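Note that the coordinates shown come from a computational prediction; the quantities given were computed from them, not determined experimentally.
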Amino acid sequence: MTPGKRKVAVVGVSLSDCGRVDEATPYALHAQAARRAVADAGLDRSVIDGFASAGLGTLAPVEVAEYLGLRPTWVDSTSVGGSTWEVMAAHAADAIAAGHANAVLLVYGSTARADIRAGRRTGTLSFGARGPLQFEVPYGHTLIAKYAMAARRHMHAYGTTLEQLASVAVQARANAALNPEAMFRTPITTDDVLSGPMIADPFTKLHCCLRSDGGAAVLLAAEEYVRDCRTPPVWVLGTGEHVSHTTMSEWPDFTVSPAAVSGRIAFERAGVRPDEIDVAEIYDAFTYMTLVTLEDLGFCAKGEGGEFAEKGRLTVGGALPVNTDGGGLSAQHPGMRGLFLLVEAVRQLRGEAGQRQVRKAGGRLPELAVASGTGGWFCSSGTVVLGRG
C-alpha cells in the first residue's frame, strides 16, 4: 500500500466486566478488555504493533503494555480527559494510514467505584491547585461546579429549562433499560430528576453520571488485515480534535464546547453531514454535555438543544438515537469514558446491540455513527466519524 493511503478499520471492540467489580485491579480490567477485543477481531495478537493507553501507571502506557505482554513499536499516551480515546483513535488511524503501524490497540480500565468503596481514594472534587488552576480553586470551583455554571449560562442565554436538561437523563435511562450490561436500568421520570438531591445547582443527582468500575478496548487495523477478521469492518471515515481552555476566564463562551471545532473537522474529513448520521455516542458526564454537544456537532442550531432533546429524539427509536447503551448517566462511567463511546458505536454499526439495536426504515442497520468525547470541563474534544461496509 502507498503510505498515507491505507484505509483504517475498527476490527475488534469489547468491554471488561463493568459496574460493580470489587475484586479486580485496574490492570486486570485492562487485560480482560484487551483479550476480548482481540478475540472479537479474530486476529493473532502478533499483528499488534501499536498500543495506546492513559490514566494508569507511572510510565503509561509502558507499564500496561508490559502487563499485557506487548512490545509495540508505536505508542500513544495522550491524556486529555474524557476525549482521550477519540483523540488516540485519530492518532492511531493516522499512524496506520501512513504505514507507521499495522494494528493499534486502545485500552482503558478503572476501579473508580471500588477504590472509593474500599477507602483507597476519595471522590475527586478538584484537579489540583497548581498552574492556572490556582486562580480558581480558592473560590470553590470543583469539576461539577464548572459544568453547572456553563449550564446556567445556557439557560440564561437561550431559555433552556431544567425539564429539558432532565429529559436527557430520562432518555438515557430508557436506552439503558434495553441494555443488560447497564448499571442502572429502572426507568425514571422528569420529576425523579428534578426532585433529587442537589449536587451543584442546577444539577441534581440524576443530572450527573454514575461512578462505576470497568474497562474497554478497541483494535484498529489497516485494510489488508480486514479479510482475516471474524467481524465486519467499521471504517474510520474522519476525525477531529480541539482544545479550548483550562481556566474558566479563558473560555470565550460557556455555551460553546470544543466539539464545535472537532466535529466540523471530522465531518469535513469524512465527507458527510450531521443530518446523515444514524447514531451518536456523546460524552455525558452531565446532562448539559449531551445537550450542548448536540448543538456544536450541528444536529440543531445553537440554543435549540433543549427543544431538540425534549421531544424524545434521543431514544433508541428516536430520530437521532444518542448514547444507545445508556451512556455515562445510566450504563457505566469508570472515569475517562470516551473509549466506551467507540465500542457502542461499532456495536451499533455491526448490528450487535441486541434489544437496543438501532434500525433504519425497513429494518436496515445504521450506516454512519459519530463518537464525540469531551475532556476536563469542556477543555478538549475528539470526534470520530465511523461508517459500516
If only side-chain N and O atoms count, and only distance matters, is there a donor-acceptor pair under 3.5 Å linking Arg313 with Gln171?
no

To the nearest 0.5 Å, atom CD1 of Ile96 lies from atom CG of Leu220 at 5.0 Å

If you look at every heavy atom in Arg269 and Gly240, which pair is closest and at what distance?
NH1-CA, 4.3 Å

Side-chain H-bond candidate by donor/acceptor type, Asp253 with Thr255, under 3.5 Å:
yes

Quick check on the hydrophobic clustering: are Leu15 and Met183 connected, directly or via other members, by side-chain heavy-atom contacts under 4.5 Å?
no

Applied to residues 278-289, the salt bridge (charged side-chain N to carboxylate O under 4.0 Å, His left out) test, sequence neighbours excluded, yields Asp278-Lys360

Check this for me: does any side-chain nitrogen of one of Arg356 and Glu344 sit under 4.0 Å from a carboxylate oxygen of the other?
yes

For the ring pair Tyr108 and Trp85, is the centre-to-centre distance below 6.0 Å?
yes

Salt bridge (Lys or Arg N to Asp or Glu O under 4.0 Å) between Asp325 and Arg173, worked out
CA-CA 9 Å; Asp325 62 346; Arg173 184 62 65 85; over 6 Å; no

Can Glu63 and Tyr27 be counted as having a side-chain donor-acceptor contact under 3.5 angstrom?
yes

Do Glu295 and His154 have side-chain atoms, one donor and one acceptor, less than 3.5 Å apart?
yes

Keeping the roles fixed (side chain from Arg388, backbone from Glu367), state whether a donor-acceptor pair exists under 3.5 Å.
no

Working to the nearest 0.5 angstrom, can you tell me the gap between Phe299 CZ and Ile277 CD1?
5.5 Å

Under 6.0 Å from the ring centre and within 45 degrees of the ring axis: does the NZ or CZ of Arg20 meet both conditions for the six-membered ring of Phe184?
yes

Is it true that the side chains of Thr231 and Arg350 contain a donor and an acceptor less than 3.5 Å apart?
yes

List the atom of Gly298, the atom of Pro274, and the distance in Å for their closest heavy-atom pair.
O-CB, 3.7 Å

Would you say the side-chain atoms of Gln357 and Gln348 include a donor-acceptor pair closer than 3.5 Å?
yes

Any chance the side chains of Thr374 and Ser381 put a donor and an acceptor closer than 3.5 Å?
no

For Val170 and Val193, what are the C-alpha separation, side-chain angles and deciding distance, and is it a side chain to side chain contact (heavy atoms under 4.5 Å, CB included)?
CA-CA 8 Å; Val170 172; Val193 180; 4.1 Å; yes

Would you indicate whether Arg130, at its atom CZ, is surrounded by more than 12 heavy atoms from other residues, nucleotides or ligands within a distance under 6.0 Å?
no

Parallel, tilted or perpendicular: which describes the rings of His333 and Tyr283, with under 30° parallel and over 60° perpendicular?
perpendicular

Testing the 3.5 Å rule here: is there a donor-acceptor pair between the side chains of Asp192 and Thr189?
yes

Looking just at side-chain N and O atoms, do Asn102 and Arg6 make a donor-acceptor pair shorter than 3.5 Å?
yes

Tyr147 and ring pair (Phe, Tyr, Trp, His ring centres under 6.0 Å): which partner among Tyr288, Trp377, Phe254, Phe378?
Phe378

